[in-house]
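Worksheet for the structure shown next.
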Amino acid sequence: MEETAAAATETVTETAPVAATEQKSSYRYWVREATGDAAPLPVPRKLDAAAAAAANGTGNGNAPQALGSVWNQAGTWEEKNLNSWASCRIKDLLGSLGSLDFSTGKASIDEVSKCSGDAYLVTVRNKKRVGYNYELSLRFKGEWIIKEEQKKVTGHIDIPEFSFGELDDLEAEVRFTDSLEWDDKSRIGKDVKSFLSPIREKLRTFEQELKDR
């Protein structure tokens with residue numbers, strides 16, 4: 001009995017260091033011991049605009065800046081309505097037309113009575129494209145010598161629908177408010193159509209401003 005107990009005691013004494021060694025070499029033990037010295041886990045951080053531009057390669061000037069809205073940085077299809085700006089700008093430009101003198105009279109643009117149409121800016125594959133369709137009517141007033149008397153004449157210059165890049169083909173029709181004989185209508189109508197050239201130049205300015213937006 002004493003010999004058996006002694007053997008058991010000897011066995012326990014010999015196996016204790018082995019168990020400690022296995023504990024230190026185990027993965028679980030290593031993780032538990034290393035946790036205190038480990039680097040902290042990364043914390044998500046929101047980038048500001050400058051950092052985001054640098055991360056995307058757009059902050060060093062080497063990559064082209066995306067066109068369109070902020071949500072459309074990929075430059076896919078996007079159409080922007082410019083009707084309000086375009087209508088106001090056309091009226092402002094045509095409203096600044098001066099008067100014209102003719103051999104038997106003179107006239108000026110009194111008001112842009114009609115400015116109807118659409119203007120838009122389209123971004124496709126990070127490329128910008130603009131366009132518009134408009135029709136106009138401008139009210140004029142003037143004085144002409146009719147049958148050896150100077151008379152006031154009023155009417156409208158109607159410009160049928162035209163689009164971007166079509167200003168060279170711009171046309172105008174003259175409508176008179178006053179009752180005139182055919183010969184007088186023909187002569188005065190030809191004079192009034194002289195406004196077509198300055199109108200065209202004003203619309204060229206509008207087209208360029210539209211392209212620069």
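Computed from a prediction, not measured in an experiment: that's the story for all the values here.
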Margin query: Using side chain to side chain donor-acceptor pair (under 3.5 Å), reason through T123 and K80 one step at a time and then give a plain yes or no.
Written below: CA-CA 8 Å; T123 302; K80 185 176 182 180; over 6 Å; no
Note to self: Tell me if a side-chain donor or acceptor on S96 pairs with a main-chain N or O of L93 at a distance below 3.5 Å.
What the structure shows: yes
Notebook entry, point to check: Hey, are the side chains of R187 and T104 touching, using non-hydrogen atoms and a 4.5 Å cut-off?
Noted result: yes
Check: Between G155 and T177, which heavy-atom pair has the shortest distance, and what is it?
Finding: CA-OG1, 3.6 Å
Next item on the list: Can you tell me which residue pairs pass the side chain to side chain donor-acceptor pair (under 3.5 Å) test with a partner in residues 160-170, sequence neighbours excluded?
Entry: N133-S163, D168-R204
Checklist line | Minimum heavy-atom distance F164-L210, with the two atoms named | finding: CD1-CD2, 4.5 Å
Item checked: Listed partners of R139 passing salt bridge (charged side-chain N to carboxylate O under 4.0 Å, His left out), at least two apart -> D110, E111
Next item on the list: List the atom of L97, the atom of L138, and the distance in Å for their closest heavy-atom pair.
Entry: CD1-CD2, 4.2 Å
Check: If two hydrophobic side chains count as joined below 4.5 Å and joins carry through other members, does V130 share a cluster with V122?
Finding: no
Margin query: Using side-chain heavy atoms (C-beta onward) and a distance below 4.5 Å, is F102 in contact with V192?
Written below: no
Next item on the list: Test side-chain contact (heavy atoms from CB on, under 4.5 Å) on T154 and F140 and set out the steps.
Entry: CA-CA 6 Å; T154 59; F140 71 88; 5.7 Å; no
Item checked: Side chain to side chain, E135 and P160, heavy atoms closer than 4.5 Å -> no
Notebook entry, point to check: Does the side chain of L167 reach to within under 4.5 Å of the side chain of E207, using non-hydrogen atoms?
Noted result: yes
Checklist line | Residues which pass side-chain contact (heavy atoms from CB on, under 4.5 Å) with Q208, listed by chain and number, not counting sequence neighbours | finding: K211, D212
Note to self: Using the side-chain contact (heavy atoms from CB on, under 4.5 Å) criterion, which residues pair with K185? Sequence neighbours excluded.
What the structure shows: F176, L180
Notebook entry, point to check: Can you tell me how far CZ of F195 sits from CZ of R200, rounded to the nearest 0.5 angstrom?
Noted result: 14.5 Å
Margin query: Can you tell me how far apart CD (E173) and NZ (K193) are? Round to the nearest 0.5 Å.
Written below: 7.5 Å
Check: Between V112 and G95, what is the shortest heavy-atom contact and its length?
Finding: CG2-N, 4.4 Å
List the atom pairs, with distances to 0.1 Å, where a side-chain N or O of residues 141-149 and a protein N or O form a donor-acceptor pair under 3.5 Å, not counting sequence neighbours.
residue	atom	partner	partner atom	Å
E143	OE1	Q150	NE2	2.5
W144	NE1	D191	OD2	3.1
K147	NZ	E181	OE1	3.3

Notebook entry, point to check: What distance separates K202 NZ from D92 CG, expressed to the nearest 0.5 Å?
Noted result: 10.5 Å
Please list every donor-acceptor pair under 3.5 Å in which a side-chain atom of residues 82-89 meets a protein atom from a residue at least two apart or in another chain.
residue	atom	partner	partner atom	Å
N83	OD1	A119	N	2.7
N83	ND2	N81	OD1	3.4
N83	ND2	D118	OD1	3.1
S87	OG	N83	O	3.1
S87	OG	Y134	OH	2.8
R89	NE	E209	OE1	2.6
R89	NH2	E209	OE2	2.9

Check: Any side-chain heavy-atom pair from E79 and L121 closer than 4.5 angstrom?
Finding: no
Note to self: Has S113 got a side-chain atom pairing as donor or acceptor with S137's backbone, closer than 3.5 angstrom?
What the structure shows: yes
Next item on the list: Could you tell me which non-hydrogen atom of C115 sits nearest to which non-hydrogen atom of I90, and how far apart they are?
Entry: SG-CG2, 3.9 Å
Next item on the list: Show the numbers, then the answer: is there a side-chain contact (heavy atoms from CB on, under 4.5 Å) between L94 and I109?
Entry: CA-CA 8 Å; L94 296 182; I109 300 299; 6.0 Å; no
